[in-house]
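Below, chains carry the letters A, B, ... as their sequence lines are ordered, and counting in each starts from 1.
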Protein chains: 2
Amino acid sequence: MDQTAEPESSRTKQQELHEAVDWHLALQDSRYTKGRRRLVQVLSDAGRPLTLPEIASHRADLPQSSAYRNLDVLERAGVIRRITHSGDHAYFELAEPFVDHHHHLVCIECGQMEDIHLDEDVEQLVDTGLRRAAERVGFTPLHHSLDLHGYCAECEADME
Amino acid sequence: MDQTAEPESSRTKQQELHEAVDWHLALQDSRYTKGRRRLVQVLSDAGRPLTLPEIASHRADLPQSSAYRNLDVLERAGVIRRITHSGDHAYFELAEPFVDHHHHLVCIECGQMEDIHLDEDVEQLVDTGLRRAAERVGFTPLHHSLDLHGYCAECEADME
DNA sequence: TTGCTTGCAAATGATTTGCACTGCT
DNA sequence: AGCAGTGCAAATCATTTGCAAGCAA
């Protein structure tokens with residue numbers, strides 16, 4: 001009761017994902033172990049950034065230290081991205097080669113993050129503007145992050 | 001040797017700043033004490049986000065607990081903003097009513113942040129795009145944050 | 001059998017908090 | 001007086017690390 005109920009195309013994407021991750025890890029003499037595969041699977045299924053406790057709740061048997069260590073390995077390998085915004089826990093999501101470029105809605109009440117996408121032309125303008133500003137001060141740009149902070153529907157409702 | 005060498009206009013701005021902060025704090029039955037004034041002054045002078053150690057280096061006599069507590073008070077009062085990006089320390093800067101809307105260059109090597117400004121029309125497009133995405137999921141937007149991550153000139157040079 | 005992994009327990013370190021004292025108002 | 005602010009020391013708590021044992025090439 002795990003890899004059933006998935007449409008054919010999705011199953012293929014999963015395979016591709018894991019193969020690609022395997023390859024990335026191999027480049028660093030790291031192995032794609034069961035624990036690491038679990039992490040990638042959970043993050044892939046979630047479709048939004050998760051904290052370590054959230055990840056653990058999906059997979060009961062995840063020793064914290066190993067989870068943190070593996071998230072670190074995966075981050076160094078460029079497989080996942082660590083996001084920190086004021087709040088107790090860091091959030092983790094699949095990195096860009098493995099998911100589309102996107103941004104986040106960040107709830108300042110509960111911390112939850114949700115993925116959103118912007119039009120390609122807006123992305124272009126933003127990127128150009130940032131690149132220009134970076135050039136002015138000799139800054140070497142790698143990637144941008146753009147988040148909208150506010151209240152998620154649930155928290156907004158809870159505030160009556 | 002403290003408030004000299006400042007152009008006349010700047011001196012006035014400082015006064016306005018402190019008066020405004022005083023007012024904001026008063027709204028919360030908080031006093032604008034010497035310690036709090038120091039924090040605001042240092043952040044205002046810096047013109048870029050600072051960590052607590054950085055703030056302390058400007059003002060030797062700043063007990064950590066008091067500094068953290070006052071930064072918290074100032075944050076609640078809407079005077080300053082706390083920024084956290086992967087890295088050991090949180091960064092603090094004056095909040096938006098007290099400084100122009102801006103974004104940051106974030107060095108992923110040393111953590112330093114630098115302020116940058118984008119064209120007004122790009123800001124508009126971004127805001128509109130984000131607002132649209134937020135509406136779709138019933139998210140109540142407050143403000144956006146946009147950072148460019150990469151290597152600052154100094155760190156880039158250090159990597160030879 | 002060499003070297004990456006794992007998981008437990010212990011350490012780290014930024015930030016927070018308890019408490020007694022100071023100082024406005 | 002009465003309550004906000006201060007600073008020291010101690011507590012918190014997410015994350016990291018040491019180490020001995022497990023596992024894959």
Side-chain angles (χ1 to χ4, degrees), chain A residues 18 21-42 49-57 59-77 79-93 110-113, chain B residues 18 21-42 49-57 59-77 79-93 110-113:
Chain A
H18 289 301
V21 171
D22 190 13
W23 179 252
H24 272 246
L25 286 173
L27 289 177
Q28 334 229 316
D29 300 303
S30 295
R31 299 169 193 157
Y32 196 23
T33 62
K34 204 194 292 189
R36 291 170 188 175
R37 182 178 290 260
R38 276 196 200 120
L39 290 172
V40 169
Q41 189 64 55
V42 172
L50 298 178
T51 62
L52 190 108
E54 285 173 335
I55 295 172
S57 74
R59 296 294 203 156
D61 55 332
L62 257 169
Q64 290 214 359
S65 65
S66 295
Y68 275 118
R69 217 172 336 223
N70 284 330
L71 286 169
D72 186 58
V73 169
L74 290 167
E75 187 186 15
R76 284 179 207 285
V79 175
I80 67 173
R81 198 161 87 83
R82 173 194 306 244
I83 313 168
T84 51
H85 64 73
S86 314
D88 289 341
H89 295 271
Y91 281 75
F92 299 91
E93 67 177 3
C110 67
Q112 285 296 297
M113 306 184 74
Chain B
H18 288 301
V21 171
D22 192 12
W23 179 252
H24 272 247
L25 285 174
L27 289 177
Q28 335 229 316
D29 301 302
S30 294
R31 300 171 192 154
Y32 196 23
T33 62
K34 203 195 289 189
R36 291 170 188 175
R37 182 178 290 263
R38 274 195 201 124
L39 290 172
V40 169
Q41 189 64 55
V42 172
L50 299 178
T51 62
L52 188 106
E54 285 173 336
I55 295 173
S57 75
R59 296 292 203 157
D61 55 334
L62 259 169
Q64 289 216 356
S65 66
S66 296
Y68 274 120
R69 223 180 325 232
N70 283 329
L71 286 168
D72 187 57
V73 169
L74 290 168
E75 187 185 15
R76 284 179 207 284
V79 175
I80 66 172
R81 198 160 87 83
R82 173 195 304 249
I83 313 167
T84 50
H85 64 70
S86 316
D88 289 340
H89 295 271
Y91 281 75
F92 299 91
E93 66 176 2
C110 66
Q112 287 296 296
M113 305 183 75

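Taking 4.0 Å as the cutoff to heavy atoms of chain A, we find the contact window on DNA chain C bounded by dG3(C) to dA9(C).
Atom CG in Leu25(A) sits about 14 Å away from atom P in dA25(D), given to the nearest Å. Distance CG (Asp61(B)) to C1' (dC8(D)): 16 Å, rounded to an integer number of Å. As rounded to whole Å, 17 Å separates atom P of dT6(D) from atom OH of Tyr68(B). If you measure from atom CG of Asp88(B) to atom P of dT15(D), you get 13 Å, rounded to the nearest angstrom. In this structure, NE2 of His89(A) is placed 13 Å from P of dT16(D), rounded to the nearest angstrom. Taking atom CG of residue Asp22(B) and atom P of nucleotide dG5(D), one finds them 12 Å apart after rounding to whole Å.
Asp72(A) comes within 4.0 angstrom of no nucleic acid atom, judged by non-hydrogen atoms across all strands.
Among the nucleotides dG5(D), dC8(D), dT15(D), the one closest to the side chain of Gln64(A) is dT15(D). Distance from the side chain of Ser65(A) is smallest for dT16(D) among the nucleotides dC8(D), dT16(D), dG5(D).
The CD atom of Gln28(A) sits 10.0 Å away from atom CG of Leu74(A), with the distance rounded to the nearest 0.5 Å. The CG atom of Leu52(A) sits 10.0 Å away from the CZ atom of Arg82(A) when rounded to the nearest 0.5 Å. Here the CG-CE distance, from Leu50(A) to Met113(A), works out to 10.5 Å after rounding to the nearest 0.5 Å. Annotation: the span from His85(B) atom NE2 to Thr84(A) atom OG1 amounts to 8.0 Å, rounded to 0.5 Å. Note that the NE2 atom of His18(A) and the CD atom of Gln41(A) stand 4.0 Å from one another [nearest 0.5 Å]. The CD1 atom of Ile55(A) sits 11.0 Å away from atom OH of Tyr91(A), with the distance rounded to the nearest 0.5 Å.
Using a distance-only test at 3.5 Å, with no hydrogens or angles considered, a donor-acceptor pair links the side chain of Arg36(B) to the main chain of Arg31(B).
Between Asn70(B) and dG5(D), a side-chain N or O to OP1/OP2 separation shorter than 4.0 Å is absent.
Between Val40(A) and Tyr32(A), the closest side-chain pair of non-hydrogen atoms falls below 4.5 Å.
Every side-chain hydrogen bond (donor to acceptor under 3.5 Å, both in side chains) that Arg76(B) has, sequence neighbours left out, goes to Asp72(B). Under the side-chain hydrogen bond (donor to acceptor under 3.5 Å, both in side chains) criterion, Arg37(B) pairs with no residue at all, not counting sequence neighbours.
End-to-end axis angle of the helix from dT1(C)-dA25(D) to dT25(C)-dA1(D), from C1' rotation axes over five pairs per end: 20° (rounded to 10 degrees).
Scanning atom types as modelled, one donor and one acceptor separated by under 3.5 angstrom connect the side chain of Arg69(B) and the base of dG7(D).
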Can you give the donor-acceptor pairs under 3.5 Å from side chains of residues 60-68 of chain B to other protein atoms, not counting sequence neighbours?
from     : atom 1 : to       : atom 2 : distance (Å)
Asp61(B) : OD2    : Arg38(B) : NH2    : 3.4

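Non-hydrogen atoms lying under 4.0 Å from DNA chain C are contributed by nothing in residues 33-41 of chain B.
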